[in-house]
Structures are given as structure tokens and as C-alpha cells.
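Report on the following structure.
Residue numbers count from 1 along this sequence.
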Amino acid sequence: MKRKAAESVRAAEAQYPHGRAHDGGNPKGGDVTVPGGMSTYRIVVRSERVYVVQLTCLVR
């Protein structure tokens, strides 16, 4: 999970290098499949944050 979160943050930094100066809307966010489950994230550009909104663990 940490690796996927770090990838999302790096991608957001590359796409929005001037986060606080951004005057458009926020991107859509998305779902990431991780071993044993999935996570849902949202990007808030102006506050320079990537939020993990939900973690889902599949129990066998």
C-alpha cells in the first residue's frame, strides 16, 4: 500500500507542480488495487494533498 500511495503522490506532484497556485478543479481521483484489497484516493491540488478515502481488505 505504501508503494502505491507514494506513486500517486509522485504522479500528482509531476502533473501539478504549482499546487497552491492551481486555479482549476481537482482531478477525479481513483481506485488502486493492492495485494489483498483496494484503496480509493482523492487529490486536492490547492492543499497539496493526496487523501486515501477508503481501504478495502478482502478476507478469505
Side-chain angles (χ1 to χ4, degrees):
M1 177 65 198
K2 282 184 178 182
R3 188 184 75 209
K4 292 288 187 177
E7 289 174 12
S8 297
V9 170
R10 280 193 299 274
E13 287 174 338
Q15 191 169 1
Y16 304 100
H18 306 292
R20 295 201 184 270
H22 181 71
D23 61 354
N26 291 313
K28 191 173 182 181
D31 299 322
V32 176
T33 303
V34 294
M38 66 174 257
S39 66
T40 302
Y41 68 92
R42 297 289 178 257
I43 300 171
V44 182
V45 178
R46 288 187 54 91
S47 65
E48 298 179 333
R49 302 273 194 259
V50 175
Y51 292 99
V52 176
V53 179
Q54 177 180 354
L55 294 172
T56 303
C57 179
L58 303 176
V59 180
R60 296 180 185 184

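When hydrophobic clusters are built by joining Ile, Leu, Val, Met, Phe, Trp and Tyr residues whose side-chain heavy atoms come closer than 4.5 Å, directly or via intermediates, Val9 is grouped together with Tyr41.
Nearest heavy-atom pair, Ala14 versus Pro17, reported as atom, atom and distance to 0.1 Å: O-CD, 3.8 Å. In plain terms, the two heavy atoms of Arg46 and Arg20 that are nearest each other are NH1-O, 3.2 Å.
Taken from SG in Cys57 to CE in Met38, the straight-line distance is 12.0 Å, to the nearest 0.5 Å. Within the model, atoms CD of Gln15 and CZ of Arg10 stand 15.0 Å from one another, a figure rounded to the nearest 0.5 Å.
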Just do the side-chain contact (heavy atoms from CB on, under 4.5 Å) check on Ile43 and Asn26 with the steps written out, would you?
CA-CA 7 Å; Ile43 300 171; Asn26 291 313; 5.9 Å; no
